[in-house]
Every structure is written in C-alpha cells, then in structure tokens.
Peer 1: 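If you scroll down you'll find the structure; I have some questions about it.
Since this is a predicted model, take the numbers as computed values, not measurements.
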Amino acid sequence: MAVLYRVRSLHHLSKCISTKILPRRFYSAQVSSQFETVGFIGLGNMGSRMANNLIKAGYQVAVHDINCNAMKKFSDIGAATKETPTEVAEASDVVITMLPTSSHVYDVYTGPNGLLYGGNLRPRLFIDSSTIDPQTSRKLSTIVSNCTLKEQKEDHWKKPALLDAPVSGGVLAAEAGTLTFMVGGSEEAYMAAEPLFLSMGKNTVYCGGAGNGSCSLLEQVFLSTLSIVVPSIHLCDILPLHIYVDSYNPVPGVMEGVPSSRNYDGGFASKLMAKDVNIAATSAKEVGLRCPLTCQAQEIYTELCEDGHETKDFSCVFRHYYSGKNEI
C-alpha cells in the first residue's frame, strides 16, 4: 500500500516537472594525436562497449577489469590486457575509468596497484566516466594535479589532469556510440579530450570545474522516475518523457532491442540506478535542498533491489510494481 501511495505521488509530481536542456556541442570524431594509446578500466555493460568503440576509432587500447572473462573478450580481438591499474597507466597516454561506485573509483586511482602509484605518471590525462559523488571527483582531481609527469613534451601539459565525465544514454547508446558526456574539470583538458569523447558518443557538454560533471545525476533521477510514472505518460506534456518512451520503453514487447523485451537483461542495473539516486538524495540533503520526488524514487529502487531485482535493468520497476508481482 505504501508503495502504491508513493507511485501515485510520483504521478502527481510528474505533471509539475519542468526541465531545461543544456546546450549540446557537436563535432566530428577523429583520433587525437595527443592520446594515441588509451587505457580503459571497467569492462561492464557500459565500459566494454565504450572501449570497443575506441578500438574501432583507431586507438591503441589497453584494458583492465577484475572479471577475467571480460578481459579475454578484448584479448581475443587484439587489445592489450593488463593485470593492474598501475600497468594500464604505464602503457597509456590517457586513462578512462568506468566503474560502479565512488569507492571503486577511489581504490583504482589511489590503491596499492592504482593508477597514481608512485606519483610520477606517464598519462597526461585521466577521465572518469563513472557516476559518483562530486566530492570524490574533486578530491581525486586535487590528488591527480599534485602528481608529476614522467616526460615533459612540447605541449601545454605541465602536470596531469582529471576530468569527471559521466555519460547519458545507457547501454544502447554505449553500443551505438551515441552517448552524451557531461564533463567537469579544466576547459583546456576538456577540449583536448573531445576526439576521445566523440569516438564513444555523439555530443559533449562542458559543465565547468571539477565535480560539475555530476550534474548527470539529475538525468538519472529523471529517468528513474520516468520508469515509474510512464503509465501516466498521456497526462504529461514533457518532451523528455516522449523521447524516453520512444527510445527505451519499459513495457515488454513494445520495442525490439531494449531491455524490457529481453526480460530486462543486459541493461543499466537497478542497483546502479539505486546508487545514483542515493548519491543525488545525499547531495541534495547536504545543501539543504528538499527533493520529495528523488526521495520517493530512492525508496522505490531500494525496495526493488531488496526484492531480488538488483541486476535487472532499472526499467523493470515498471513491471515489478504495476503488475502487482514480485517477480520479473
């Protein structure tokens, strides 16, 4: 009963949502001569597809993941595989990370076999595309900027830099190379990284200083609620709602190729959506902002995971609650 009350509340609140779409900047992708060798850490549903698109674009890619099977898939197509993040850094001009949580990211960067081990680094640029809290991104940015470069080249790189660059679009966009990157960090580093971004996506948004890429959390909150309120789509006049239903419909059998038509397998895991909504709720609380929609979505996705659906695509929340069943 409590769940149904919260769902009805989300329906009501959805009528009041207004959105502002940030301006997109479009470019043609090309291999950057600054970053011919790319390290990629995190070969899950998103990362594996992003790394594959970098290979297709002509970059030399070295990969690492704790999942040996994921590594083997890249070894089979000729990509270099490394045993530790440190080894990835030693072989790369730039390193991209795509990891589940803030703690995973922090450990990969600062752990005993981490990317920053020793503090004297080959990579001039690090890009974290994980969706994590802005505080961790800013802390890592400071740590990276305090490191030194092993080799000073005749370019503007005097010290290494970190960009936080979470993505929008999900697994389908990662596969198609149509992601949007929301980027925080130095604008100079952002401009240098654009060819990399556009080998994996179709547009980029520069959001300002370190940690500001976490504005992608706003979209995650929006998407998390859309999967709950989509049955009342006819009540809403919000353009992003229609875009969502046309490209990622949560109703089984309506669209081919989306997770809902594959028993919600192979998409963006509910546990990751719950994590993102939790980060957004915590960040709002820290600045004294009331977000009732976010808090209700937080409770619903937490319950969804507790009911055993944490590995299913987050859009399964639709069927889980509206079918009145606890099984997908």
Peer 1: Would Tyr301 and Val317 count as a side-chain contact (heavy atoms from CB on, under 4.5 Å) here? Give the steps.
Peer 2: CA-CA 7 Å; Tyr301 279 93; Val317 70; 3.3 Å; yes
Peer 1: Grab the two heavy atoms, one from Asn203 and one from Leu198, that are nearest each other, plus how far apart they are.
Peer 2: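 Answer, listing the atom of Asn203 first, then Leu198: N-CD2, 3.7 Å.
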Peer 1: Would you say the side chain of Leu304 lies within less than 4.5 Å of the side chain of Cys316, judging by non-hydrogen atoms?
Peer 2: yes
Peer 1: Evaluate the side-chain proximity of Met200 to Phe181: yes if any heavy-atom separation is below 4.5 Å, no if none is.
Peer 2: yes
Peer 1: Would a single hydrophobic cluster contain both Tyr117 and Tyr109, if residues Ile, Leu, Val, Met, Phe, Trp and Tyr are joined by side-chain heavy-atom contacts under 4.5 Å?
Peer 2: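 Per the 4.5 Å side-chain linkage, Tyr109 and Tyr117 are not co-clustered.
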Peer 1: Is there a donor-acceptor contact under 3.5 Å linking the side chains of Thr37 and Asp93?
Peer 2: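 Short answer, yes.
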Peer 1: Please name the pair of heavy atoms, one in Ala91 and one in Lys82, separated by the smallest distance, quoted to 0.1 Å.
Peer 2: CB-CE, 3.9 Å
Peer 1: Could you tell me whether a side-chain N or O of Thr86 sits under 3.5 Å from a main-chain N or O of Gly114, the two making a donor and an acceptor?
Peer 2: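 Pair found, side chain donor or acceptor close to backbone of Gly114.
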Peer 1: Is there side-chain contact between Tyr106 and Leu140, with at least one heavy-atom pair below 4.5 Å?
Peer 2: yes
Peer 1: Look up atom CG in Leu99 and atom CE in Met46, then write down how far apart they are to the nearest 0.5 Å.
Peer 2: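 One finds 12.5 Å between CG of Leu99 and CE of Met46.
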Peer 1: Which is it for Met182 and Thr204 under the side-chain contact (heavy atoms from CB on, under 4.5 Å) test, yes or no, and what are the steps along the way?
Peer 2: CA-CA 6 Å; Met182 285 156 277; Thr204 64; over 6 Å; no
Peer 1: Quick one: do Asp133 and Ser102 satisfy side-chain hydrogen bond (donor to acceptor under 3.5 Å, both in side chains)? Show the steps, please.
Peer 2: CA-CA 7 Å; Asp133 64 273; Ser102 299; 2.6 Å; yes
Peer 1: Rounded to the nearest 0.5 Å, what separates atom NZ in Lys139 from atom OG1 in Thr110?
Peer 2: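 Rounded to the nearest 0.5 Å, the NZ-OG1 separation comes out at 8.0 Å.
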Peer 1: Does the side chain of Asn52 reach to within under 4.5 Å of the side chain of Glu175, using non-hydrogen atoms?
Peer 2: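 With C-beta onward as the side chain, the pair stays apart.
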Peer 1: Start with the C-alpha gap between Val167 and Thr180, add the side-chain angles, then the distance that decides, and say whether side-chain contact (heavy atoms from CB on, under 4.5 Å) holds.
Peer 2: CA-CA 6 Å; Val167 300; Thr180 292; over 6 Å; no
Peer 1: At their closest point, which heavy atom of Asn120 faces which heavy atom of Lys150, and how far apart are they?
Peer 2: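 Heavy-atom minimum between the residues: O-CE, 3.1 Å.
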Peer 1: Does a donor on one side chain and an acceptor on the other come within less than 3.5 Å for Thr97 and Asp128?
Peer 2: yes
Peer 1: Report yes or no: does Asn212 contribute a side-chain atom to a donor-acceptor pair with the main-chain N or O of Val183 at less than 3.5 Å?
Peer 2: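 Looks like no, no N/O pair under 3.5 Å.
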Peer 1: Test your reading of the model: is there a side-chain donor-acceptor pair from Lys158 to the backbone of Leu149, 3.5 Å cut-off?
Peer 2: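 Answer holds: no.
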Peer 1: Check Arg122 with Glu90, please: is the shortest side-chain N to carboxylate O separation under 4.0 Å?
Peer 2: no
Peer 1: Distance-only, no hydrogens or angles: does the Ser141 side chain make a donor-acceptor pair with backbone N or O of Ser137 under 3.5 Å?
Peer 2: no
Peer 1: Is Ser92 reaching over with its side chain to a backbone N or O of Ala89, donor-acceptor style, under 3.5 angstrom?
Peer 2: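 No.
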Peer 1: Roughly how far, to the nearest 0.5 Å, is the CE atom of Met50 from the CG atom of Leu43?
Peer 2: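 Rounded to the nearest 0.5 Å, the CG-CE separation comes to 11.0 Å.
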Peer 1: What's the separation between atom CG in Asp107 and atom CG in Leu115, rounded to the nearest 0.5 Å?
Peer 2: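 It comes to 10.0 Å.
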Peer 1: Is it true that Ser270 and Tyr264 share a donor-acceptor pair across their side chains at a distance under 3.5 Å?
Peer 2: no
Peer 1: Are the side chain of Thr136 and the backbone of Ile132 linked by a donor-acceptor contact shorter than 3.5 Å?
Peer 2: no
Peer 1: Side-chain contact, heavy-atom cut-off 4.5 Å: Ser130 with Val105?
Peer 2: yes
Peer 1: Less than 4.5 Å apart, any side-chain heavy atom of Ser199 and any of Leu54?
Peer 2: yes
Peer 1: Give a yes or no on whether the backbone of Val61 and the side-chain of Tyr59 come within a donor-acceptor separation of less than 3.5 Å.
Peer 2: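 No: the side chain of Tyr59 does not pair with the backbone of Val61.
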Peer 1: Looking only at heavy atoms, what is the nearest atom pair of Leu163 and Ser186, with distance?
Peer 2: CD2-O, 3.8 Å
Peer 1: Enter the distance from Leu179:CG to Asn53:CG here, rounded to the nearest 0.5 Å.
Peer 2: 8.0 Å
Peer 1: Check whether any side-chain heavy atom of Val258 lies under 4.5 Å from a side-chain heavy atom of Leu172, and answer yes or no.
Peer 2: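 Val258 reaches Leu172 side chain to side chain.
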Peer 1: Write down the atom of Val144, the atom of Pro160, and the distance for their closest heavy-atom approach.
Peer 2: O-CG, 3.3 Å
Peer 1: Taking the side chain as every heavy atom from C-beta outward, state whether Leu121 and Thr148 have any atom pair closer than 4.5 Å.
Peer 2: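 Answer no - side chains too far apart.
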Peer 1: Would you find a donor on one side and an acceptor on the other, under 3.5 Å apart, between the side chain of Asp164 and the backbone of Gly211?
Peer 2: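 Such a contact is found between Asp164 side chain and Gly211 backbone.
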Peer 1: How close do Lys159 and Ser145 get, heavy atom to heavy atom, and via which atoms?
Peer 2: CD-O, 3.4 Å
Peer 1: Donor-acceptor check, side chain of Arg124 to backbone of Trp157, threshold 3.5 angstrom: yes or no?
Peer 2: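 No.
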Peer 1: Would the distance check show the side chain of His64 and the main-chain N or O of Ile41 forming a donor-acceptor pair, the cut-off being under 3.5 Å?
Peer 2: no
Peer 1: If you look only at distance, which donor and acceptor atoms sit under 3.5 Å apart when one is on a side chain in residues 68-80 and the other is two or more places apart or in another chain?
Peer 2:
from	atom 1	to	atom 2	distance (Å)
Lys72	NZ	Asp76	OD1	3.4
Lys72	NZ	Asp76	OD2	3.0

Peer 1: According to a hydrophobic-cluster definition based on side-chain heavy atoms being under 4.5 Å apart (Ile, Leu, Val, Met, Phe, Trp, Tyr only), do Met191 and Val38 belong together?
Peer 2: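 Same cluster: Met191 reaches Val38 through Ile, Leu, Val, Met, Phe, Trp or Tyr contacts under 4.5 Å.
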Peer 1: As an exercise, state the distance from NZ of Lys271 to SG of Cys305, rounded to the nearest 0.5 Å.
Peer 2: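 It comes to 9.0 Å.
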